[in-house]
Amino acid sequence: MFKKTIFRKQQLKFMIFNLIAFTVIFTIFGVIIIGQVQQTLYSKSDKELLSFKEMMIDHPSRLPVPNEKMDRLPPYAERQKEHPNPRIIVLKWSKEGIIINQNEIGSSFYESFLQDYTLDKTNIDIITNTAIHNLYHFRYLLFETTDANGDRTYIQLMINTDAEQTIIDNFERLIIICSIIFIILSITASYILSRKMMGPIIHSWNKQAEFVENASHELRTPLTIIQNKLELLLTEPQEKIINKFENIALSLSETRRLSKLTSDLLTLARADSAETQLAKQMIDADHFIQGVCAPYMEIAESQDKHFWLNLNCKVTIEADEVRLHQLLVILLDNALKYTGDDDSIGVKTYVEDHKVILEVSDTGIGIKEENMKYIFDRFYREDKARSRETGGIGLGLSIAQWIVAQHNGAIAVFQNKHKGTTFKVKLPK
Ligand code: ADP
C-alpha cells in the first residue's frame, strides 16, 4: 500500500514535469511561428511605407497619386517607386495634433474614421500597428517634417492590414487549438509510457526489497544461534571445552554458514551491479571437469553413493576458470545434498548443435514438477527445514544461472525418468 502511494506520487510528479515541459515547448514554438508569420505578412506593407516615405522626402510634389493611369505596368520595384501603393493614407498633423490635410483625405472618410483619432508620438520613425474603432487595423509610419512656414509638422503614413490581421488571428487560434490538442495527447502518451516504464522498475524494486528482507532474515538466524550459544558458554566459565563441545561445534557450523551466505550475497550484489568482470580463457573442458569432480568422487564414496563420469566433449571452451569451478561446485554440492545412500551421481559432457553440454544428474529426492520454475529464484528452497539441515540457503542456483548467462549459455532442469534430477548446462564452443 505504502509502496503503491510512493509510485503514484512519482508518476504524478513525472506527469506534472511533462505538462510543464510540453507547455513551455509548445508556447515557445507558437510564439516563434506567429512572430515569423507576422513578420512575413507585414514585410510587404513595411517596405511600401518606407519607400513611400523616401519618395515624399525626395519628390514631395509627386504625392499623393491616387488616380494616376497606368497603361503599361513597369516592373514591381520600379512601379513601387514611381507609383506608390494607393492603399496608403497620408495624414498630415500639425504640431498641436490636428489633421491638416482633411481635404486630401476626403471629408466623409475623415468624419467616419479619423475624427476621434489622435496623434500618438511615442513611435516616431518606427513602423507600428494601430487600430481605428478597434475594428480597422493599420501599419503606420510617423515622421517629423517642416511645412512651408518652417513649422514642425508630422506625417503619418498608414496602410490597411485588415486582411493580414484576419490571417494572423486565424493562425493564432489554430496554433492555440493545435497546442492544446498536442499537450493533451503528449500528457496521455506520457501517462501511458510512464505506466509502462514504471512496470519493470516496480518489479525490480519489489525484487530488491524482497532480496534485502530475505538476506537479513537469513543473516539473523545464525547470528541469534551463535549469540545464544556464546552467552550460554559465558554463564559457566569454569566448564571444560570438552563438556561444551556441542555448543562450540554448532556455533562454528553457523559461522561457516554465515560466511558462505555473505560471500553468496556479495556475488549476487556484484552481479546485479554488473561489477564483476569475467577473466575468460581457453579451457580443456573434459580435463577441467574431471579435476573438479575428483574430490566429490571421494566424498560420494564415503557416503556410499555411486559417482560416475562420462566426459565426451573433447573440446576447449572460453570460460572463466574460477566461475566455471563455482558452477560445478554448486551443482555437485546440490547433487550430494539431495541424494541418499546408494543413490548415484553422474557428470556427462558431449557436443550438441555446436554447443558444449554439461549434465549433472542424480537419483536423489528430485524436484516436484510444479516447483521447477522457482528453483533458480533467490532464496527459493523446496523444503525449507531440510535445506537448513543441509546448510542450503537457496542462493546456489541463482548464482549458477548468473554464471551460465555470463558465458552466453543456458541452464535448465529436468526430472529423471525414474528418479532424481538432471541439470543441463549449454555453453558455446
Ligand atoms: P540450496 O542452497 O538450498 O541448495 P539452491 O539454489 O542451490 O539452494 O537450490 C534451490 C533449491 O532447489 C534447493 O533448496 C532444492 O530444493 C532444489 N534443488 C537443487 N538442486 C537439487 C537436486 N539436485 N535435487 C533436488 N532438489 C534440488
Side-chain angles (χ1 to χ4, degrees), residues 207 210-211 213-222 253-272 289 292-293 296-297 299-300 303-309 323-348 357-406 409-425:
K207 281 233 142 202
E210 196 185 318
F211 180 65
E213 206 176 295
N214 282 329
S216 30
H217 178 75
E218 291 297 333
L219 287 167
R220 210 172 38 219
T221 317
S253 100
E254 287 302 318
T255 315
R256 273 194 217 107
R257 186 181 162 80
L258 212 52
S259 155
K260 166 133 182 28
L261 175 62
T262 44
S263 103
D264 283 356
L265 286 174
L266 201 64
T267 306
L268 285 172
R270 285 192 180 143
D272 284 347
I289 292 166
V292 181
C293 290
Y296 284 91
M297 290 173 108
I299 302 172
Q303 292 178 357
D304 291 328
K305 292 171 190 171
H306 173 61
F307 198 112
W308 55 266
L309 277 178
R323 295 295 171 195
L324 195 62
H325 185 274
Q326 192 179 7
L327 168 71
L328 276 160
V329 166
I330 292 168
L331 297 179
L332 291 170
D333 265 348
N334 279 350
L336 280 175
K337 268 193 286 187
Y338 302 108
T339 43
D341 296 349
D342 294 330
D343 273 329
S344 66
I345 296 162
V347 178
K348 188 174 168 186
I357 311 290
L358 160 70
E359 280 183 11
V360 178
S361 48
D362 63 65
T363 55
I365 59 166
I367 301 166
K368 284 191 196 125
E369 187 75 51
E370 66 268 27
N371 294 335
M372 284 206 163
K373 54 179 179 287
Y374 304 118
I375 62 156
F376 293 101
D377 290 353
R378 293 174 185 189
F379 294 105
Y380 179 78
R381 285 166 293 183
E382 205 180 17
D383 181 347
K384 301 239 172 343
R386 191 192 157 100
S387 279
R388 184 151 179 84
E389 265 170 43
T390 53
I393 312 156
L395 291 179
L397 288 179
S398 315
I399 296 173
Q401 194 181 40
W402 169 73
I403 294 171
V404 174
Q406 287 298 299
I411 182 166
V413 61
F414 303 97
Q415 267 175 337
N416 290 339
K417 244 190 197 158
H418 301 296
K419 199 171 163 254
T421 323
T422 296
F423 283 89
K424 184 173 176 178
V425 177

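Along the sequence shown, residues are numbered consecutively beginning with 1. As the structure lists them, so they are numbered: ligands from 1, and atoms in each ligand from 1.
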- Query: Of all the heavy atoms in F376, does at least one lie under 4.0 Å from an atom in ligand 1?
  - Reply: no

- Message: So W402 and T267, do their side chains get closer than 4.5 Å, heavy atoms only?
- Response: yes

- Can you tell if the side chain of E210 reaches within under 4.5 Å of the side chain of R378, non-hydrogen atoms only? no

- Query: Does an N or O from I393, backbone or side chain, lie closer than 3.5 Å to an N or O of ligand 1?
  - Reply: yes

- Message: Can you check which of N334, D264, L336, V413 brings a heavy atom nearest to atom 20 (N) of ligand 1?
- Response: N334

- Query: Short list, please: which atoms of ligand 1 are under 4.0 Å from a heavy atom of I367?
  - Reply: 18 (N), 25 (C), 26 (N), 27 (C)

- Message: Is it the case that over 12 heavy atoms from other parts of the model lie below 6.0 angstrom from the CD atom of Q415?
- Response: yes

- Query: Do any nitrogen or oxygen atoms of D362 lie less than 3.5 angstrom from nitrogen or oxygen atoms of ligand 1?
  - Reply: yes

- Task: Enumerate the atoms of ligand 1 whose separation from the nearest heavy atom of L397 is less than 4.0 angstrom.
- Result: 5 (P), 6 (O), 7 (O), 9 (O), 10 (C), 12 (O), 19 (C)

- Return yes when G394 approaches ligand 1 closer than 4.0 angstrom through a heavy atom, no otherwise. yes

- Query: ligand 1 versus D333, non-hydrogen atoms closer than 4.0 Å: side chain, backbone, both, neither?
  - Reply: neither

- Query: Quick one: does ligand 1 sit under 4.0 Å from the side chain of Y380, the backbone, both or neither, non-hydrogen atoms only?
  - Reply: backbone

- N/O separation below 3.5 Å, I375 to ligand 1: no

- Numbering the atoms of ligand 1 from 1, which are under 4.0 Å from a heavy atom of K337? 1 (P), 2 (O), 4 (O)

- Message: Show me which atoms of ligand 1 lie under 4.0 Å from any heavy atom of T421.
- Response: 24 (N), 25 (C)

- Query: What are the atoms of ligand 1, with element, lying closer than 4.0 Å to any heavy atom of L395?
  - Reply: 6 (O), 8 (O)

- Measure the acute angle between the ring planes of F211 and F379, then classify it against the limits of 30° and 60° as parallel, tilted or perpendicular. tilted

- Message: For a 4.5 angstrom cut-off between non-hydrogen side-chain atoms, does D362 reach D343?
- Response: no

- Query: Under 4.5 Å between any side-chain heavy atoms of R220 and H217, yes or no?
  - Reply: yes

- Message: Polar contacts were defined as any N/O atom of the residue lying under 3.5 Å from an N/O atom of the ligand; does this apply to E382 and ligand 1?
- Response: yes

- Message: I'd like to check M297 versus L309 (side-chain heavy atoms, cut-off strictly below 4.5 Å). Are they in contact?
- Response: yes

- Message: What I'd like to find out is whether the side chain of I375 reaches to under 4.5 Å of the side chain of F423, using heavy atoms alone.
- Response: yes

- Task: Inspect the surroundings of NZ in K368 and state if more than 12 heavy atoms from other residues, nucleotides or ligands are less than 6.0 Å away.
- Result: no

